[in-house]
Amino acid sequence: MTSVHPNSTTTTRFARRFLISLSRMRRPITLGPPSDEEVCRRTRRIKLAAYSSMARAVGSRRAWSRALLLKVRNRVRFQGILRNRFLASKKKRVIKRNKASGEMNKTDMLRKLVPGGETMDICGLLEETAHYMASLATQVKVMQSIVDQYSK
Amino acid sequence: MSSRRSRSRPSSGSSRITDDQILDLVSKLQQLLPEIGNRRSDKVSAAKVLQDTCNCIRSLHREVDDLSERLSELLATTDTAQAAIIRNLLTQ
């Protein structure tokens, strides 16, 4: 099996994309300490930028990155209405099929955590989980080093 | 699930997943988990691996949230140094 750890190219791609989106974040117009709401809003945008940058750096090779990019795109366009209607019915069909297996609880928990996990079979889910976990760890590492740089 | 080590024959036609495949994937997940205890024992149950995986992913999500918040606060406070730092990081 190929390694799940993101190679240095993916890490660099993620770092570049994320830094570029950070630099695009508008500086606060009001002087003085920013309001809590502003900080909250920017936190959400930063979080979204982090996940999208990682998914784009990984590309469409993995099911989880595809699902994540789709979710981000839909959040921007449809506010989740149309997407929820289609995916909800698909989810119900797949969940009924998967309920036959014994380890329902843990697997379902995992499905909720991994993007796109709801409609995968157990084999695909485990593979995607491994890759997703490794990519998340890389994402955290890069973000941490950016914060460290800023704090100097 | 960890007790079933016999190879199950793939059923005709449909793409039935073999037990060995699942066990391989679960052991691969197990190797990714940071706990040291997992290395020693070979017979960690799949349920524990799944549970640890879920916990690991949840804590990683939480770390991303915390780091995003810290970055947001840092972005708000630093001003002109911001562009310089980012340019610096991009050229590394």
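Order of the sequence lines fixes the chain letters, A, B, ..., with proteins taken first and strands second; residue numbering starts at 1 for each chain. Side chains included, hydrogens not; waters and symmetry mates left out as well; all remaining heavy atoms used.
In this structure, CE on Met133(A) lies 5.5 Å from CG on Leu29(B), to the nearest 0.5 angstrom. Atom NZ of Lys47(A) and atom CG of Leu71(B) lie 13.0 Å apart (nearest 0.5 Å). Put simply, CD1 on Ile22(B) and SG on Cys123(A) are 6.5 Å apart, with the number rounded to the nearest 0.5 Å. With values rounded to the nearest 0.5 angstrom, Arg44(A) atom CZ is found 10.5 Å from Ser72(B) atom OG. Here Gln149(A) contributes atom CD and Leu74(B) contributes atom CG; the two are 12.0 Å apart, rounded to the nearest 0.5 Å. The distance from atom CD1 of Ile46(A) to atom CD of Glu73(B), rounded to the nearest 0.5 Å, is 9.5 Å.
For a residue to count as touching a neighbouring chain, one of its non-hydrogen atoms must lie under 4.5 Å from one of that chain's; by this rule Asp66(B) does not touch chain A. Using a 4.5 Å cut-off between heavy atoms, Gln144(A) touches chain B through backbone and side chain atoms alike.
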Self-check item: Check against side-chain contact (heavy atoms from CB on, under 4.5 Å), Leu25(B) and Ile122(A)
Solution: CA-CA 10 Å; Leu25(B) 288 170; Ile122(A) 183 69; over 6 Å; no
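Taking both residues in full, the closest heavy atoms of Lys28(B) and Ala130(A) are given as CE-CB, 4.3 Å, listed atom of the first, atom of the second, then distance. Nearest heavy atom pair, residue Met109(A) against residue Cys54(B), reads CB-SG, 3.9 Å. Across every non-hydrogen atom of Leu113(A) and Ile57(B), the tightest pair is CB-CG2, 4.0 Å.
Placement of Val147(A) and Leu60(B) within a single hydrophobic cluster is found when ILVMFWY residues are connected by side-chain heavy-atom separations under 4.5 Å, directly or transitively.
Side-chain contact between His61(B) and Leu136(A) is present, with at least one heavy-atom pair separated by less than 4.5 Å.
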